[in-house]
Number of protein chains: 2
Amino acid sequence: MKDRSLERYHHGELKEELIRLGRVAIERDGIASLSLRALAAEAGVSKTAPYRHFPDRDAFLVALANEGFRLLAQELERVLAEGGAVPAMGRAYMAFASAHPALYRLMHSELLANAAPAQLTEARRSMQLLGESLARAGGWKLGADGEAGRRFANEAAAAWGYIHGLVMLRIDRLFPAWLPEPDWEGLAERLTAHSAPRASTRRKKAARPTH
Amino acid sequence: MKDRSLERYHHGELKEELIRLGRVAIERDGIASLSLRALAAEAGVSKTAPYRHFPDRDAFLVALANEGFRLLAQELERVLAEGGAVPAMGRAYMAFASAHPALYRLMHSELLANAAPAQLTEARRSMQLLGESLARAGGWKLGADGEAGRRFANEAAAAWGYIHGLVMLRIDRLFPAWLPEPDWEGLAERLTAHSAPRASTRRKKAARPTH
DNA sequence: GCTATTATGTTGGCATTGCTTACATTAAAG
DNA sequence: CTTTAATGTAAGCAATGCCAACATAATAGC
């Protein structure tokens, strides 16, 4: 039995502290090598204590991801409040991912694809923000049905895919080293070109003029 | 001691078979739960046999990813041989990722960011193919120096980011379910719009020169 | 205030896994 | 034919996820 004479039996904020420690740990060691036991030790608590707050390791990772979405939404909301348009959103998105690469990766990992939607309330919020911003800039209606809704879904997927891919390329350092380093921030701002329904693009769908 | 009277002591093609089995395993159970021991058992070989061919688990995953790049390059080359232009490349890229989602994810995972370049010879090949195709379509020179090289790097990053993000959005099922399913193939074909230097984009770039 | 209930944390333990060391078998080189 | 290198095996350690039984503290009902 350890000497816990100076420590409280109940931590009191274990759940929150585990999330905090987890965020640091994944950025330092990578997501794959995150260990609940090690985290418990860091928090000065027994090896199975985390299981009182999370059913299993995957559930903890989902909670971590959700925290990430909360932080991202917070950032995006701040930009929106400052009157930022779509390019500013792109910049903020890129900045968030660069500042928390492992967290961003986790937020878009395989795990989340099958996670229960109820656990990812914050995820929906941040995506709604992005979607609304894109819709406003492009003059689309968010809840539109039929053809209009389908067209908006396409434009949203194009814009989101663009910024998401750009960000992943950067944080995973996948861009070939034998080429000059791209201007990531500038490219992120170009999000506008993808969200707004450009005449050229729409015509191309029908007639495909280039090449 | 097991009865191996009918089995050869030496498997003979263990390395290749592990790669084969590994590809199936990650698509079935996910990358995280891939176990070298389990794979060894599947191959009918002792638990530590794989370590004769791969220093550790991560090295095996890198080898798997490299095999993925080889397959992708093979596909892209086939499309090129058939005279396919950039939209066809986009389609092929999307098709490959959809057919092997876990493999594609692995090819762009955190692990690879720090992998020794020598282990990823095939990766460079497939990217070179994509880069050449984009350069030809956009009228760029691949090895250009200075401003031209930097501009090409930006256009390449934009195009690659676009298709990569689109693909990831799809295979990770991240696109919100409350929107209509996007036309993924059609969006992949739009790769042209990102690789070709569009007048509007270039003017915008000039108006906001660098940073 | 006292007690019952619930939330939270601990201890011990099992199975799985990655990986190391020492040894066995076979193929290939000389 | 002998030697050597390549390939596979056996045994075992440490770390981890997770379960079951128990301990402690906070809280609610009376």
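Letters A, B, ... mirror the listed sequences (proteins, then strands); counts begin at 1.
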Rounded to whole angstrom units, what separation is found between the CZ atom of A:Phe60 and the P atom of D:dC18? 13 Å
Report the relative orientation of the aromatic rings in B:His108 and B:His164; use parallel for angles under 30°, tilted for 30 to 60°, perpendicular for over 60°. tilted
Hey, what are the protein-to-nucleotides 11-16 of chain D N/O distances that come in under 3.5 Å?
residue, atom, partner, partner atom, Å
D:dG12, O6, B:Lys47, NZ, 3.4

What is the distance from CG of B:Leu61 to P of C:dC19, rounded to the nearest Å? 10 Å
Donor-acceptor contacts, no H, no angles, side chain residues 23-30 of chain A, under 3.5 Å, sequence neighbours left out:
residue, atom, partner, partner atom, Å
A:Glu27, OE1, A:Ala102, N, 3.0
A:Glu27, OE2, A:Ala102, N, 3.4
A:Glu27, OE2, A:Leu103, N, 3.0

Parallel, tilted or perpendicular: ring planes of A:Phe152 versus A:Trp140, cut at 30 and 60 degrees: tilted
Tell me: CG of B:Leu14 to P of C:dA27, nearest whole Å? 15 Å
Is it the case that the side chain of B:Arg170 and the backbone of B:Met94 share a donor-acceptor pair, with hydrogens and angles ignored and the cut-off at 3.5 Å? no
Quickly work out the A:Tyr51 OH to C:dG12 P distance and round it to whole Å. 18 Å
A:Arg150 meets the side chain to side chain donor-acceptor pair (under 3.5 Å) criterion, sequence neighbours left out, with A:Glu147
What do you reckon, are the aromatic ring centroids of B:Tyr51 and B:Phe60 less than 6.0 Å apart? no
Output yes when at least one side-chain N/O atom of A:His53 is less than 4.0 Å from OP1 or OP2 of C:dG9, else no. yes
To the nearest Å, how far apart are B:Glu17 CD and D:dG8 P? 11 Å
Length of the line joining B:Glu42:CD and C:dT17:P, which is rounded to integer Å: 12 Å
When rounded to whole Å, the CD to C1' distance for the pair A:Glu13 and D:dA26 reads 15 Å
Take the protein atom CZ of A:Arg52 and the nucleotide atom P of C:dT11, then report the distance between them rounded to whole Å. 14 Å
